[in-house]
Amino acid sequence: MEQLLREKTATIVNNLYGTNFSAQEITVSQTAKEFVGDFTVVIFSFVKIAKKNPAEVGKEIGDAIQKEITDIESYNVVKGFVNFKLKNEFWNNFLLKASADENFFLLPLTNKKIMVEYAGPNTNKPLHLGHIRNIFIGYSVSEILKAAGNEVVKVNIYNDRGIHICKSMLAYQKYGNKETPQTKNIKGDHLVGNYYVKFDQELKIQIAGLMAKGMKEEEANKNAPLNIEAKEMLLKWEAGDSEVRALWEMMNGWVYEGFNKTYNLIGCDFNKHYKESDTYLLGKKIVEEGLKKNIFYKRLDGAVCVDLTTDGLNEKVLIRSDGTSVYITQDLGTADLRYKDFEPNQMIYTVANEQDYHFKVLKLVTEKLEKKYAAGINHLSYGMVDLPSGRMKSREGTVVDADDLIEEMIRTAKEQTIELGKTENFTEVEAEKLYYELGMGALKFFILKVDPRKRMIFNPKESIDFHGFTGPFIQYTYARIQSVKRKAGIDFKSSSPIIKANDSELQLLTQLYLYPNIINEAANNLDPALLANHIYLIAKSFNSFYADNSITQAETEELKNYRLLLSDLTGAILKRGMKLLGIEVPERM
RNA sequence: GGUCCGGUAGCUCAGGGGAUAGAGCAACAGCCUUCUAAGCUGUGGGUCAUUGGUUCGAUUCCAAUCCGGAUCACCA
């Protein structure tokens with residue numbers, strides 16, 4: 001209807017005043033609540049051209065549109081706004097059609113294949129709150145893109161090799177006493193992470209010792225035995241040393257096992273996991289080819305570089321002077337392999353905005369190499385999660401661990417639910433499932449309701465809310481609707497009531513009607529927050545409606561059917577929308 | 001220093017050229033013998049960082065300034 005209004009207005013204005021407006025230039029919005037109407041066309045820009053007063057212009061446009069669009073019942077002009085009120089039949093038709101057809105809200109296929117990379121952890125420490133935001137965003141964006149008619153391939157990337165991986169391996173070799181996740185009874189990723197921390201602690205001691213002997217910090221850092229040994233280990237790894245490789249396989253195996261447990265808890269999934277250990281050699285080959293084609297050059301010290309100064313960036317090293325690969329080398333290989341595997345039209349990288357520069361470089365370099373996928377490279381750059389004190393720092397122990405946070409959310413959900421006595425007649429299994437859904441729902445919604453591009457602040461001292469603009473609020477609304485339907489116990493779906501909607505019904509209908517637009521917008525902007533905000537609006541509208549109107553005790557049977565139909569549709573959309581955010585809704589709570 | 005992102009209520013966030021700037025939390029006041037009160041209704045709370053400009057209209061766009069963050073690695 002909004003689009004229709006835009007098109008008709010453009011045509012009418014162009015005919016009337018000899019202008020050349022396109023439909024997209026016309027502003028159409030929801031009518032503000034203090035005025036009568038459903039949708040509003042803003043006509044300020046035509047008033048000047050027409051050289052008439054707003055009331056006249058409004059009348060000309062209003063009359064013409066009312067003639068063109070049969071669904072419009074009336075209109076009124078206030079200043080430069082023309083407010084259109086739709087006929088009851090329009091809303092009744094919408095409600096009936098949307099209720100009868102499960103596919104009513106499906107958007108047309110785009111025939112595009114989009115790859116979304118998300119998660120992307122290093123295999124030397126467990127997942128933290130930063131990964132949580134990454135995973136929630138990446139998963140939800142993937143689901144939203146699917147709902148908007150795209151084919152989506154979800155992929156993960158493991159940064160599973162390099163000096164930082166060797167550090168935890170070395171520390172384990174030195175101080176590990178052959179312990180395993182089984183003997184210590186902790187998750188593998190946490191065990192390995194402990195040794196990454198241990199390395200840093202021991203290194204600090206060594207550096208302090210060397211500095212006491214008169215070395216400067218930089219020098220001490222270079223000469224610390226642990227750092228030297230770590231570098232040696234990396235060389236051994238690259239040379240394929242069997243002992244180092246065996247240790248690497250074992251420890252990474254533990255980490256993957258740990259990660260998989262967390263993924264399961266979060267409820268995310270991937271079509272394929274890539275590992276940088278598999279792609280860095282491929283990346284090297286690509287750089288060599290570029291060198292041969294003179295796209296890159298070899299510096300005197302032997303490093304292979306690309307000159308990006310004409311693009312406003314700096315010189316960038318693609319292969320180190322000692323011949324080993326850097327981060328971008330691996331990414332070049334990974335991109336190439338992925339394109340071979342899936343041939344996507346677009347590759348979206350869900351990576352924090354601290355890497356904006358890196359992705360600019362990656363895109364430029366693939367363009368220079370004339371890779372077919374270069375244009376489709378798209379960095380979904382999300383803001384980092386900070387603490388009130390600033391950035392999370394693993395060295396200072398301020399990192400919020402993913403597993404701990406999830407566990408705490410579920411525990412809080414349990415406490416609050418039991419306090420409210422909501423699960424008294426639940427079985428043990430049902431209750432645990434509910435606590436999980438509520439805890440995860442609160443966490444996911446808390447993260448996803450914020451614009452991904454913006455930095456957000458998480459205060460570990462303040463527990464995440466279960467009231468107001470939250471996941472549980474929407475879950476509660478859904479459960480409430482299901483409860484009403486159970487109580488009603490009639491077949492309302494086969495009815496087709498002819499009702500004049502009251503204010504709160506109309507408000508709810510309008511929000512439901514706008515749902516597909518929001519999906520499209522969220523997909524175009526890669527922004528789950530738009531969806532989260534809208535679902536909240538729907539739930540809020542329902543709860544107002546629920547408070548104002550009796551559903552099962554409505555005045556007439558027809559009205560009862562109508563309200564049940566409306567409630568049912570609301571529930572269905574809440575469930576669909578939450579699913580796209582990765583959040584389950586309970587039938588009872 | 002260059003580049004990029006941000007600054008909206010006490011706190012966390014919406015709104016990104018249109019009507020009197022909105023939510024949630026926190027505070028306060030009401031609403032459960034009737035469909036689930038994790039709910040609903042109301043009250044208080046704002047120099048939309050500052051200053052200029054463009055416009056019929058600017059919190060929104062542009063410029064400058066101030067404040068915060070990121071980045072400019074042979075780290076990833």
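Each chain gets a letter, A, B and so on, in the order the sequences are listed, and its residues count up from 1.
- Between A:Phe542 and A:Phe545, the gap from one ring centroid to the other is short of 6.0 Å.
- Environment of CD in A:Glu218: sparse, with no more than 12 heavy atoms of neighbouring residues, nucleotides or ligands closer than 6.0 Å.
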Taking distance alone, no hydrogens or angles, what donor-acceptor pairs closer than 3.5 Å link side-chain atoms of residues 41-51 of chain A to residues at least two apart or in another chain?
none

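- For A:Asn353, no side-chain nitrogen or oxygen approaches OP1 or OP2 of B:G6 to under 4.0 Å.
- Taking a cutoff of 4.0 Å between a charged side-chain nitrogen and a carboxylate oxygen, A:Glu437 and A:Lys433 qualify as a salt bridge.
- Here the side chain of A:Asn543 is nearest to one of B:A19, B:G39, B:A76, namely B:G39.
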Dot-bracket for RNA chain B: what is it, with Watson-Crick or G-U pairs under 3.5 Å, [ ] where a pair crosses earlier ones, and | for a pair to another strand? ((((((((.[[[[.)..(...]]]].(((((.......))))).....[[[[[..)....]]]]])))))))....
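- If you take CG of A:Leu308 and P of B:A73, they are 11 Å apart, rounded to a whole angstrom.
- What you find for A:Ser504 and A:Asn549 is that their closest heavy atoms are OG-ND2, 3.0 Å.
- A:Leu313 has its CG atom 9 Å from the C1' atom of B:U3, to the nearest Å.
- A side-chain N or O of A:Asp160 and one of A:Ser277 form a donor-acceptor pair less than 3.5 Å apart.
- The distance between atom CD of A:Glu521 and atom C1' of B:G16, rounded to the nearest whole Å, is 12 Å.
- Rounded to a whole angstrom, the distance from the C1' atom of B:G46 to that of B:U8 is 8 Å.
- Counting only N and O atoms by type, the side chains of A:Asp465 and A:Thr470 include no donor and acceptor under 3.5 Å apart.
- In this view, A:Ser381 and A:Asp356 satisfy the side chain to side chain donor-acceptor pair (under 3.5 Å) rule, not counting sequence neighbours.
- The CZ-P distance, from A:Phe445 to B:C25, rounds to 13 Å in whole Å.
- Using a 4.0 Å heavy-atom distance criterion, A:Asp311 is classed as making no nucleic acid contact.
- Looking at heavy-atom distances under 4.0 Å, A:Thr40 makes contact with a base.
- A salt bridge links A:Lys414 and A:Glu432; the closest N-O separation between the charged side-chain nitrogens and carboxylate oxygens is under 4.0 Å.
- Spacing of P atoms, B:C72 relative to B:A14, comes out at 26 Å, to the nearest Å.
- Looking at residues two or more places apart in sequence or on another chain, you find a side chain to side chain donor-acceptor pair (under 3.5 Å) between A:Glu587 and A:Tyr478.
- Using atom P as the reference point in both B:C40 and B:A21, the two lie 24 Å apart (nearest Å).
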Just distance, no hydrogens or angles: give the donor-acceptor pairs under 3.5 Å from side chains in residues 441-453 of chain A, sequence neighbours left out.
from, atom 1, to, atom 2, distance (Å)
A:Lys444, NZ, A:Ile266, O, 2.6
A:Lys444, NZ, A:Gly582, O, 2.7
A:Lys449, NZ, A:Phe469, O, 3.1
A:Asp451, OD1, A:Arg453, N, 3.0
A:Arg453, NH2, A:Asn525, O, 2.3
A:Arg453, NH2, A:Leu526, O, 3.4

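- Interface remark: the A:Asn314 side chain does not form any donor-acceptor pair with the B:A73 base, using a distance-only criterion of under 3.5 Å.
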Output one line per pair: protein atom, nucleotide atom from nucleotides 34-38 of chain B, and distance, for all N/O pairs under 3.5 Å.
from, atom 1, to, atom 2, distance (Å)
B:C35, O3', A:Lys487, NZ, 3.2
B:C35, O2, A:Ile551, N, 3.1
B:C35, O2, A:Thr552, N, 2.8
B:C35, O2, A:Thr552, OG1, 3.0
B:C35, N3, A:Ile551, N, 3.0
B:C35, N4, A:Tyr546, O, 2.6
B:C35, N4, A:Asn549, O, 2.6
B:U36, OP1, A:Ser483, OG, 2.5
B:U36, OP2, A:Ser483, OG, 3.1
B:U36, OP2, A:Lys487, NZ, 2.7
B:U36, O2', A:Tyr476, OH, 2.3
B:U36, O2', A:Arg480, NE, 2.9
B:U36, O2, A:Lys422, NZ, 2.9
B:U36, O2, A:Met589, O, 3.4
B:U36, N3, A:Met589, O, 2.6
B:U36, O4, A:Ala479, O, 3.4
B:U36, O4, A:Met589, N, 3.0
B:U36, O4, A:Met589, O, 3.4
B:A37, OP2, A:Arg480, NH2, 2.5
B:A38, OP1, A:Lys422, NZ, 2.6
B:A38, O4', A:His467, ND1, 3.4
B:A38, O3', A:His467, ND1, 3.3
B:A38, N6, A:Thr417, OG1, 2.9

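- Spacing between atom CE of A:Met392 and atom P of B:A70 amounts to 13 Å, rounded to whole angstrom units.
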Output a table of donor-acceptor pairs, distance under 3.5 Å, between side-chain atoms of residues 75-84 of chain A and any protein atom two or more places apart or on a different chain; print 'none' if there are none.
from, atom 1, to, atom 2, distance (Å)
A:Tyr75, OH, A:Lys59, O, 3.3
A:Tyr75, OH, A:Asp63, OD1, 2.8
A:Asn76, OD1, A:Asn83, ND2, 2.9
A:Asn76, ND2, A:Val36, O, 2.9
A:Asn83, OD1, A:Thr40, OG1, 2.6

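- Rounded to an integer number of Å, the gap from CG of A:Asp386 to C1' of B:C5 is 13 Å.
- Comparing A:Ile319 and A:Tyr536, the nucleotide of RNA chain B nearest to each residue sits closer to the 5' end for A:Tyr536.
- Comparing B:G52 with B:G16, their P atoms sit 26 Å apart, to the nearest whole Å.
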Can you give me the N/O atom pairs linking the protein to nucleotides 12-15 of chain B at distances under 3.5 Å, or say none if there are none?
from, atom 1, to, atom 2, distance (Å)
B:C13, OP1, A:Ile457, N, 2.6
B:A14, OP1, A:Asp451, N, 2.8
B:A14, OP2, A:Lys454, NZ, 3.2

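- The side chain of A:Tyr357 sits closest to B:C72 out of B:G18, B:C72, B:A76.
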Atom pairs, protein N/O to nucleotides 55-59 of chain B N/O, distance under 3.5 Å:
from, atom 1, to, atom 2, distance (Å)
B:C56, OP1, A:Lys48, NZ, 2.6

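- Atom pair A:Phe359:CZ and B:U3:C1' shows a separation of 18 Å (rounding to whole Å applied).
- Residues satisfying the ring-ring contact (aromatic ring centres under 6.0 Å, His included) criterion with A:Tyr158, sequence neighbours excluded, are A:Tyr256, A:His273.
- Under a cutoff of 6.0 Å and an axis angle of 45°, A:Arg161 and A:Tyr280 form a cation-pi pair.
- In this structure, A:Arg299 reaches the bases: a heavy-atom distance under 4.0 Å links it to at least one base atom across the strands shown.
- Base orientation of B:C32: syn, the glycosidic angle falling within 90° of 0.
- Taking atom CZ on A:Arg453 and atom P on B:G7, their separation rounds to 14 Å, with Å as the unit.
- Residues that satisfy the side chain to side chain donor-acceptor pair (under 3.5 Å) test with A:Gln355, not counting sequence neighbours, are A:Tyr327.
- For the side chain to side chain donor-acceptor pair (under 3.5 Å) test, no residue two or more places apart in sequence or in another chain qualifies with A:Gln30.
- An OP1 or OP2 oxygen of B:U20 is reached within less than 4.0 angstrom by a side-chain nitrogen or oxygen of A:Lys79.
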